[in-house]
**Q** 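Below is the structure I would like to discuss, written out as C-alpha cells.
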Amino acid sequence: MNGAESLVHTLIACGIDTVFANPGTSEMHFVAALDRIPGINCVLCLDETVASGAADMYWRTKGRPAATLLHCGPGLANALANLHNARRGRSGIVNIVGDQATYHRPLDAPLTADTEGWARPVSGWVRTAMTADAVGHDAAEAVAAARTGTIATLILPADTAWTEDGVVGTPQPVPPRPTADASAIDAAAEVLRSGEPALLLLGGRTLTDATLRIATAIVQTTGAKMLAEMFNARMERGQGRPPIERIPYQIDAAVHSLEGIRHLILVEAKPPVGFFAYPGKKGRLWPDDCTVHTLADIGQDGVAALQALAERVGAGTPEIAVTPRPAPAKEAIAPETVATSIAALLPDDSVVIDEGISFGRGFSRFTHGAAPHLWLQVPGGAIGGGLPGAVGAAIGSGRRVLAIQADGSAMYSITALWTMARCNLDVTVVILANRKYAILLHEYANVGANPGRTAMDMLDLGHPDIDFVRLAEGMGVAAAQAGSMEKLNELMAASFERKGPFLIELLT
C-alpha cells in the first residue's frame with residue numbers, strides 16, 4: 001500500500017465521502033488511488049476557487065467535512081478567497097494539497113512555493129506529511145480537526161504518495177464543544193432581569209429553528225430584542241419558524257439598529273463592526289454607553305448556553321407569528337418584488353445561496369413567509385462564493401438550491417456552472433444583471449470620493465454586455481433571460497419543477 005492509498009482508506013474510515021478536485025501532476029497517485037478504492041464521490045471543478053467554495057457550503061448543509069484536492073501552492077492560492085469565506089463561516093474542510101517530492105523541493109522548480117505559509121492564515125490545522133508511513137496518521141488528525149469546524153490543510157509531497165510504506169490512520173475522537181461559564185449565564189440573566197434595554201446578538205450555530213425558538217422565548221419573557229449578525233453561515237427560515245432580522249450592511253442603518261441598547265449579549269457572535277471604515281462614521285456599531293457581554297463565544301456551545309439562560313429567566317413556550325406566504329409579484333422589477341416572488345415560489349425544504357450583493361441585500365426581510373428553507377450567505381465578504389457554494393450545497397443537501405447571484409461576482413467563479421451541468425445538480429441560478437459593480441457605486445458615496453469618467457468605467461460591466469445565457473449554455477446549463485416579473489415568475493416556477501441546473505438572467 002502506498003501513501004496515497006493509505007490516505008484514501010483513512011479518509012473513508014474517518015467519514016469523508018466527497019472530494020472537490022482540481023488535480024495536477026503532483027497529485028496523480030492520489031487520483032489513481034481514488035480511482036482504485038471505491039467510497040469517495042469525486043467532483044471535478046475547473047478552478048480551485050470552485051473546489052474550496054463548494055467544500056465550504058457542503059459543510060454548512062451536510063454538517064461534516066468534505067475534502068478538496070488542490071494542485072501545489074498556486075492551486076491553494078487560487079482557493080484562498082473561498083477558504084477565507086469558509087473560515088469566517090467556521091466551516092470544516094480537509095484540504096489535500098499536492099507538493100513537490102521532498103527531494104525535489106531544494107531544486108526550486110517553477111511550482112515550488114511556501115505552501116504551509118499560504119495555508120496558515122485560513123487554516124486551523126496545517127501539516128506536511130514527510131514520509132509515506134505518516135500520511136494516514138496525519139490524515140486522521142486532519143479530519144478530526146475539520147470535524148470541529150475548522151479548515152485542516154494536509155500537504156502531500158509526491159514521493160510520500162507513491163512510496164510503498166502507507167499505513168491506514170485510525171479515526172480520532174472529536175471533543176465536544178466547550179460549554180459557557182456558569183458565571184456568564186448568571187450575568188446575562190441578571191442583565192435581562194434588570195429591565196434595561198438589552199439585545200441578544202446571535203451567530204454561529206444558533207440560527208436554527210429549535211434554537212431560535214429558545215431565543216424567542218427569552219426575549220418575549222424579558223422584553224429584550226434579538227438580531228443576527230450581518231453575515232451568517234446558515235439560517236433556518238420560512239413559515240412556522242421564528243423570524244429574525246440581521247444587522248444591516250449600510251453603516252447608518254446598522255448603527256440605528258442598535259440605538260438605545262444598554263446591554264449587548266453575544267451568543268456565538270463577535271462584537272458588531274462596520275464592514276468597512278467610512279470617514280466620520282463609527283467603526284463599532286454599538287452605543288458608547290452600551291456594555292458588551294459574552295454569553296458564549298464563537299468556539300463555545302451557544303445552543304446549550306441559551307437553553308440554560310432560558311431556564312434562568314423562566315422563559316416558557318414562545319409565540320411564533322405566522323407570516324403569510326405572498327403571491328408572486330407582478331409589478332416592476334425591484335428588490336422588493338423579486339424577493340416577494342422568491343417567497344411565493346420557493347419550494348419546501350430548499351436551500352438559498354445569497355450572493356445578491358447590492359440588489360439582493362434586502363431580500364431576506366421579504367422572504368420570512370416563504371416555505372421552510374435554509375439561507376446561506378458569504379460571511380467572509382470575498383465575492384465569488386455563490387456559484388461554487390451552490391455546487392456544494394446541492395451535493396451536500398440533495399435539495400433544490402436557489403442561487404441568488406450578482407452578475408459581477410458571478411464572473412469570479414463562472415466555471416461552477418460546468419460542474420453543475422456535469423453533475424446534473426438541481427440548482428436554479430438567478431443572475432441579477434445590472435451590468436455594473438453597483439456595490440462600489442454605493443461605496444463611492446459612502447467614503448466621500450468623487451468619481452470621474454475613468455473611475456465610472458472601472459465600475460461598468462457593459463461594453464460589451466456579458467451574455468449569461470450564452471455562457472451558461474456553452475457550459476451545458478439550460479438558460480433564459482427575464483426582463484419582467486411575469487417572465488421571472490414563469491421561469492423560476494418551471495426551473496423548480498425540472499431536474500438539473502437552470503440559469504435565469506434577470507435584467508435589473
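Sequential numbering from 1 along the given sequence is applied to the chain's residues.
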**Q** Between H137 and E141, is the side-chain hydrogen bond (donor to acceptor under 3.5 Å, both in side chains) condition met? List the steps.
**A** CA-CA 6 Å; H137 173 76; E141 290 202 357; 3.0 Å; yes
**Q** Specify whether H263 and H293 have parallel, tilted or perpendicular ring planes, treating 30° as the upper limit for parallel and 60° as the lower limit for perpendicular.
**A**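 Ring orientation of H263 relative to H293: tilted.
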**Q** Is a side-chain donor or acceptor of R90 paired with a backbone partner of G299 at a separation under 3.5 angstrom?
**A**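 The answer is no, because no donor-acceptor pair under 3.5 Å joins these two groups.
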**Q** Using only heavy-atom distances, determine whether the side chains of S364 and R237 contain a donor-acceptor pair under 3.5 Å.
**A**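 No, no side-chain donor-acceptor contact under 3.5 Å.
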**Q** Please give me the minimum heavy-atom distance between G360 and L432, naming the atom from each residue.
**A**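 Minimum heavy-atom separation between G360 and L432: N-CD1, 4.1 Å.
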**Q** Shortest non-hydrogen contact from R361 to R246?
**A**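 Scanning both residues completely, I find the closest heavy atoms to be O-NH2, 3.8 Å.
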**Q** Would you kindly say whether T131 and D133 are connected by a side-chain donor-acceptor distance under 3.5 Å?
**A**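 Looking only at side-chain atoms, D133 and T131 do form a donor-acceptor pair, the distance falling under 3.5 Å.
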**Q** Going by the rule side-chain hydrogen bond (donor to acceptor under 3.5 Å, both in side chains), which residues pair with D348 if we only count those two or more places apart in sequence or in a different chain?
**A**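 For D348, no residue satisfies side-chain hydrogen bond (donor to acceptor under 3.5 Å, both in side chains) once neighbours in sequence are set aside.
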**Q** Walk me through it: do F496 and T428 pass the test side chain to side chain contact (heavy atoms under 4.5 Å, CB included)?
**A** CA-CA 7 Å; F496 294 151; T428 298; 3.6 Å; yes
**Q** Using every non-hydrogen atom in the two residues, find where H368 and P243 come nearest and quote the distance to one decimal.
**A**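 For H368 versus P243, the nearest heavy atoms are ND1-CB, 3.7 Å.
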**Q** Judged by modelled atom types alone, do E48 and S52 share a side-chain donor-acceptor pair under 3.5 Å?
**A**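 There is no such pair (donor and acceptor under 3.5 Å, judged by atom type) between the side chains of E48 and S52.
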**Q** Is it the case that the side chain of R312 and the backbone of A187 share a donor-acceptor pair, with hydrogens and angles ignored and the cut-off at 3.5 Å?
**A**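 Not at all, since once roles are kept as given, no pair shorter than 3.5 Å links the two residues.
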**Q** Should the heavy atoms of other residues, nucleotides or ligands under 6.0 Å from CD of E245 be counted, would the total exceed 12?
**A**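 It does: E245 CD has more than 12 such atoms within range.
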**Q** Which pair of non-hydrogen atoms, one from I12 and one from P38, has the smallest distance, and what is that distance?
**A**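 Heavy atoms only, the tightest pair is CD1-O, 3.4 Å.
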**Q** Apply the test side chain to side chain contact (heavy atoms under 4.5 Å, CB included) to residues M226 and I218: give CA-CA distance (whole Å), side-chain angles for both, the deciding distance (0.1 Å), then the verdict.
**A** CA-CA 9 Å; M226 69 178 185; I218 292 171; over 6 Å; no
**Q** So, T68 and N95: side-chain donor and acceptor under 3.5 Å apart, yes or no?
**A**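 A pair is found: one side chain offers a donor N or O, the other an acceptor, under 3.5 Å apart.
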**Q** So which heavy atom on S6 is nearest to which on G136, and how close?
**A**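 Taking S6 first and G136 second, the nearest heavy atoms are OG-N, 3.9 Å.
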**Q** Are any of the side-chain nitrogens in E5 or R36 under 4.0 Å away from the carboxylate oxygens of its partner?
**A**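 So E5 pairs with R36 through a salt bridge.
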**Q** Looking at side-chain heavy atoms only, is the closest gap between M28 and V31 below 4.5 Å?
**A**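 Yes - at least one pair of side-chain heavy atoms lies under 4.5 Å apart.
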**Q** Please walk me through it: do M420 and L503 pass side chain to side chain contact (heavy atoms under 4.5 Å, CB included)?
**A** CA-CA 11 Å; M420 292 179 199; L503 180 142; over 6 Å; no
**Q** Salt bridge or not for E268 and R177, using N-O below 4.0 Å?
**A**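 Here E268 pairs with R177 in a salt bridge, since their nearest N and O are under 4.0 Å apart.
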**Q** I need the minimum non-hydrogen distance between A217 and P318, along with the two atoms involved.
**A**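 Shortest heavy-atom separation between A217 and P318 comes out as N-CB, 3.7 Å.
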